[in-house]
Structures are given as structure tokens and as C-alpha cells.
2 protein chains.
Amino acid sequence: MTPAPGPARSHTATLTDVARLAGVSVATASKALNGRSQVRAETRQRVIEAAERLSFRPNQLARGLLAGRTGTVGLLTSDLEGRFSIPILMGAEDAFGAGEVAVFLCDARGDAIREQHHVRALLGRRVDGLIVVGSRTDPRPSLGRDLPVPVVYAYAPSDDPADLSIVPDNVDAGRIAVEHLLACGRTRIAHITGDPGYLAARDRADGAREALAGAGLDFVGEPRFAEWSEGWGRAATAMLLEGHSEVDAVLCGSDQIARGVIEVLRERGHRVPEDVAVMGFDNWQVLTSASRPPLTSVDMNLEQVGRAAAQALFGAIDGIPRSGVETLPCRVVIRGSTAHLS
Amino acid sequence: MTPAPGPARSHTATLTDVARLAGVSVATASKALNGRSQVRAETRQRVIEAAERLSFRPNQLARGLLAGRTGTVGLLTSDLEGRFSIPILMGAEDAFGAGEVAVFLCDARGDAIREQHHVRALLGRRVDGLIVVGSRTDPRPSLGRDLPVPVVYAYAPSDDPADLSIVPDNVDAGRIAVEHLLACGRTRIAHITGDPGYLAARDRADGAREALAGAGLDFVGEPRFAEWSEGWGRAATAMLLEGHSEVDAVLCGSDQIARGVIEVLRERGHRVPEDVAVMGFDNWQVLTSASRPPLTSVDMNLEQVGRAAAQALFGAIDGIPRSGVETLPCRVVIRGSTAHLS
DNA sequence: CTGTTAGCGCTTTCAC
DNA sequence: GTGAAAGCGCTAACAG
């Protein structure tokens, strides 16, 4: 009368089995395997051997039940296909994987209901904490203050300042991008970027303008906002060249836009980088390295965002909470599409 | 004397709390909440209200401990950054998320040691099953036959035929690609593809050649194997045009290669698709839709691979194991880069 | 219909 | 040093 038509689980070895085989009590077996000091060396050895023979793995469920801590965390993403979630997720997985923490992955598909459902499920599994990964840097609704476990928001900050959020510093990203172009001797810099509804687009533009102002300059023409696409990069470049043929650098809001920009520049006989330097954001390898010339780009250090979020969560679990929005610096990755004026 | 400097867990409500508040025994509370029939309606109501007031969530650890089933599975990837793992992972997450199963994500970073470590950790957490996601379609070492839970391999098949593997049908993919080109009236078809060390490259070429043979044709020139890159696409096209200017279609081993091919074709004054049709594999949106013209490509249906793997795992957990390598069909996504000859 | 009892696998006092 | 016993939160027998 087996409980179910279930799997032929050949009774995974339990501590009781180990203890019996070693001829000791479960208590002693437990102590022996967990390195407790109150065990005779010879006994410990016998237990360890028994455990090995049975390929015993302690049941973490039972442990967690007792300890009140499960060594698991929930990773809640809103869109897995988006390419920003993945590096963050990798960073987090990395930081956790090093320790003894396992990660539950849940994708809410951008749906609040689904998200709520996942949160409840995760809490039922008694995760020790939650990381919420957004797909854009605009603030998102907080999960609330009354959760029984700490939460860290990554990439997309929570709209509640009492929560802790870790995000890349897009303003600074715009700043260092322009600084690089200035260092290359460029002074007539245009900006072609993406959807103005994205905070990232506005932040980058703001930072860039700030850096220009610091050098007593401004953009050539107004920044052009529209779409994060190659097509827009092409269209905007055509327009730009008509009004401002004196341009010597184009800062693009994304690598995709930059690809389009470069393409049209070359078609129109402008050499990159000799005549016009081009740089993008995101440092998306498949685009940057296949570009002709390879594309200089600002890397948002997303893996680091993930790692930092994981570490912050650790801290919060251990009772050292932080709050507010913390930003992480980005970095310029220099390739052939920008170069010093000779 | 709290157990640890741990989180200020304000004592998450337990079934005992609910029972006390409702004025019944834990057993009755359990029955009431789980829809067991032997409870008076009025009592059940009282328990449910109590549970709600305490925002009680049943502890899945305790449940799992008792049931011998945890409702969790492990998803073992070898390279998260690779773009093939993600859709598969999404499909699997999707199929599971619909039910009551939670997914542990582990990335082995292509390292066998790390993988082994993750497997042990997952078994310790008593997952009900494992999905192993590879990053290429070449067979990979089996995790072994003596695991206490069922395993399904996705994308990369196991080298042990006793295991169950779900993979896209690359031979058929090559076949349907050529059939599409033939349907477009093309007969002088060249093949530029990636690393010959990849089974996927060889399979696709084999399938393509088979379909050509069926029409009494063969490739124009020998298939050119080298790298999965735009750069190789460009170089190979230059070579191709020298020896075989009569070509009227190029089947590319990947979308990246196709992008390079199209670029050089256009530079050399060949119209796409009027003079030469071009198609790729993978249907990687960012590349296919930004291409000029948009790129026809073979989609490997990876989400479906993930979903199928999840379903197969369900089956195996319920005691209906399968084995061997099962292939799933791919599909041609037609865009502007291929067109009927007028 | 409801409550008592036992036990899932493990760790932890506390006697011996 | 070692073992007996209690209990983490829950469900499933079995009594009442």
C-alpha cells in the first residue's frame, strides 16, 4: 500500500540509516557529521564512512524546519527575455552559489498578479529573502513593508524609499561617456537616444549634458529621443547630417542605435572614427564586437549589480538592513569606434 | 536568548496559531484549510478567517518533509549568458509555474565540478527532479543512472541513451530552410555556416543537402564552415562571390553570419532578396528585425523545448519514464530577405 | 464532525 | 563521549 503511484524512490538514506549502520544513535551521528566536538575521533570516522557508503545527504527540509532558516532566496524577475535581467541574475546566482544558498527563479512576465502569486508561493517555501529584478531603471511599486523577509530591489528601484534598491548610475554613465569623447579630442558631440519614457534615456542625457557643461560646451543640436533601435539610429543620423555636418562625435543611447548610426555614417562617406567617433551604451557583445569598427560602449556592470544585491540581502538577513537607492558606477569599454584625433 | 542575531522574524503564523485563534485543534484546522470534507461548514469558515487574519501560509518545508515530495525541481544550466539557455529556461519555468512547482536555478558555468556540486546541493534540498540545459546540441556526459530523482536533458542530449533528452531537430531545420528557398524559386544555393566542431552546424548542413538532393540539386560550391560571426559572414561572402557569382541564395548557419553576408552583398551591388535571397538560423530578434531587409530565419522553438522538458519531467516524477533522444520540429519565420522570384 | 496521537528527518538540550 | 527525548510545522490515522 505505497502512498502513491509515485517515483520508485529507493528510500534515500536517512540519518537513522547511517546511525544504524555505524552502530550509534542518531544524535551521535548528527554530531559526528556536523563536526561537533563531543565525539570520539574513531566514532566520527565510523559514522562518516557509513554516511559515505549510503551516499547520505542531509535533508535540508528537515534542517530548515528546525533552524527557521532555509538557505534559499527568491529571485523575482519581470522579463527574463530582456537582456538586462540575465547578467544581474548571473551576478546574484554567483554571489549566492559561492555560499550555501539556493535560488528560486520566478518570472512574473511583467504581470503584477503573477508577481503577487510568486511572492506568496516563495513565502510558503520560507525563503530567507527576496531579490526583485526589474527590466528598466524606472521606479517600480514596492512589494510592501510588511513582508516577513528582507527584500532588495535590483536595477529597477522600489518607489518606497524605505526599501533598499541597487541600480546602475545612469547619470554618471552619461558623464563618463562624454568625458571619454572629450578626452578623444571631440567637441561637437550629438546625442541620439531611445524612448524618452525611459528614465535611463533621460538620466544618460542629463549626465552627458552636465559633463559637456563642465567643459563649457553643449550638444550639437538637441538630443534626439525616439526608439532603442537600429532603424532609429539610421533615421536620426540622416537628419543629423543634414543640419549639423560639423559633428565629430555621436553619443548613442544604446548599442543598437549606435550600429544604425555607424552604418549610415559610412554610407554617407564619413569615416568612423576619423571623422566621427561613435559610442553606445550597454556593451552588448554581439553588437559591439561585430561592428565595423568595434564599438566603444558604456558597460552598466550589471553582474556587479546582481552581486551587490545578493550581498545586501545577506546583510539584511543577518539583521543589518539598509535602505534607499544605492547606485553603482558604470565603465567605458574602449574599442575602435572612438579614437584620439591625430 | 534568541537563537541567533538573525532576522526579526516576527514569528510567521503557524497552523497552531490559526487553530488556537479559531478555537479548534490543529488537525481540524488542517482539514478545514485543505478542503477535507469531514469539517462542519461553519467551523471551516472560522478557521479560514483565522488563517486570513494571521496571513497564514502553510510551511511547505513541513509539508514536503511529510509528503516525501517537495514540489521543487532543479534547473541546471551550463552557461546562462548563452542565448540558448534563456528561452529554454523560460519555457520550463512557464510550464512549472503554471502548477505548484518552484524552480531552483543553478549555473554551472560549464564546469563539471561546479555541476556536481550543484547536483549534490539540489539533492540535499530534495528536489523532485532535474532538468539539465546544455548550451549546444552536442551530446554531453550523463549525470549518471543512479540518481534518486528523474532527470531530463534539454537542448544538449545526454550521451547515455537510457536518459531522456529533448532537442531541436537541426537536420530537419536545414531541410525546411532549403525547402523554403526552393519554394522561392532559388536553385543556386550556397551555404555559409559556423564552427564545424558544432553538431548543430553539421546537422543543418546535412539536412539542407538532403533537401537539395531531393530536388536533384546540390550546393553551389562546398559549404563553408568557420565561425558563428558577422565577420566570417562577410569574409565568406567575398570569397563566394569570386568563385560563384551565379549564386541566387545564401543559407547562413546563424543570424549573425547572415547579417555579415547581407552587408557584403549590398556593398557589392547585389540586391537582397531580388538577386540573392538570404536566410539565417536562430531567429534572434535583435538581429533579424534590424536587418535590412528583415531577415528570414529558422526558429528552433526553444521555449517549446523547455516546456516539453518540463512536461516530460512531470511524467517521470509520476512514474512514467521515457528515454532516448526526442527531437522537436523547428519553423521558418519568413521576412523580407527571402522572396519569390518574380 | 472533532481531537488525540504518531511521525516525516533532523538538531539540540540534558542526563548518563 | 554517548544516547534518550523533545520539537520544528504539518498531515494522516484513528478514536471519540
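Heavy-atom basis, side chains included; hydrogens, waters and symmetry copies ignored.
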Quiz item: Would you say the side-chain atoms of B/Ser165 pair up with the backbone N or O of B/Ser158, donor to acceptor, closer than 3.5 Å?
Solution: yes

Quiz item: Over how many whole Å does the gap from B/Asn59 atom CG to D/dT11 atom P extend?
Solution: 10 Å

Quiz item: Tell me, which pairs form a side chain to side chain donor-acceptor pair (under 3.5 Å) where one or both residues lie in residues 95-107 of chain A, sequence neighbours left out?
Solution: A/Thr77-A/Asp107, A/Asp107-A/Arg109

Self-check item: 5' priority, DNA chain D, between B/Arg57 and A/Val24 [closest heavy atom]
Solution: A/Val24

Quiz item: In chain order, what residues pass the side chain to side chain donor-acceptor pair (under 3.5 Å) check against B/Arg307, with sequence neighbours excluded?
Solution: B/Asp94

Quiz prompt | Heavy-atom protein contacts under 4.0 Å, nucleotides 11-16 of chain C, coded B base, S sugar-phosphate only, - none | solution = BB----

Quiz item: Looking at residues at least two apart in the chain, or sitting in another chain, which of them share a salt bridge (Lys or Arg N to Asp or Glu O under 4.0 Å) with A/Arg83?
Solution: A/Asp282

Self-check item: Of A/Gly23 and A/Leu65, the one whose closest DNA chain D nucleotide lies more 5'
Solution: A/Gly23

Practice problem: With sequence neighbours excluded, tell me which residues meet side chain to side chain donor-acceptor pair (under 3.5 Å) with A/Asn34. | Solution: A/Ser30, A/Arg63

Quiz item: Please give, in whole Å, the distance from D/dC10 P to B/Leu54 CG?
Solution: 12 Å

Quiz item: CG of A/Leu61 versus P of C/dG9: gap in Å, rounded?
Solution: 10 Å

Quiz item: Expressed in angstrom and rounded to an integer, what is the separation of B/Arg69 atom CZ from C/dG9 atom P?
Solution: 16 Å

Quiz item: Counting just side-chain N and O atoms, does A/Thr43 come under 4.0 Å of either OP1 or OP2 of D/dT2?
Solution: yes

Quiz item: So, is B/Thr16 near the phosphate of D/dC10, with a side-chain N or O under 4.0 Å from OP1 or OP2?
Solution: no

Quiz item: Roughly how many Å is it from CZ in A/Arg125 to C1' in D/dC8, rounded to a whole number?
Solution: 18 Å

Quiz prompt | Spacing of A/Gln45 atom CD relative to D/dT2 atom C1', expressed in whole Å | solution = 18 Å

Report, one line per pair, each donor and acceptor closer than 3.5 Å where one atom sits in a side chain of residues 130-141 of chain B; sequence neighbours left out.
from, atom 1, to, atom 2, distance (Å)
B/Arg136, NE, B/Asp138, OD1, 3.0
B/Arg136, NH2, B/Asp138, OD1, 3.3
B/Arg136, NH2, B/Gly197, O, 2.9
B/Thr137, OG1, B/Ala200, N, 3.4
B/Asp138, OD1, B/Leu199, N, 3.3
B/Asp138, OD2, B/Leu199, N, 3.1
B/Arg140, NH1, B/Glu115, OE1, 2.9
B/Arg140, NH2, B/Glu115, OE2, 2.9

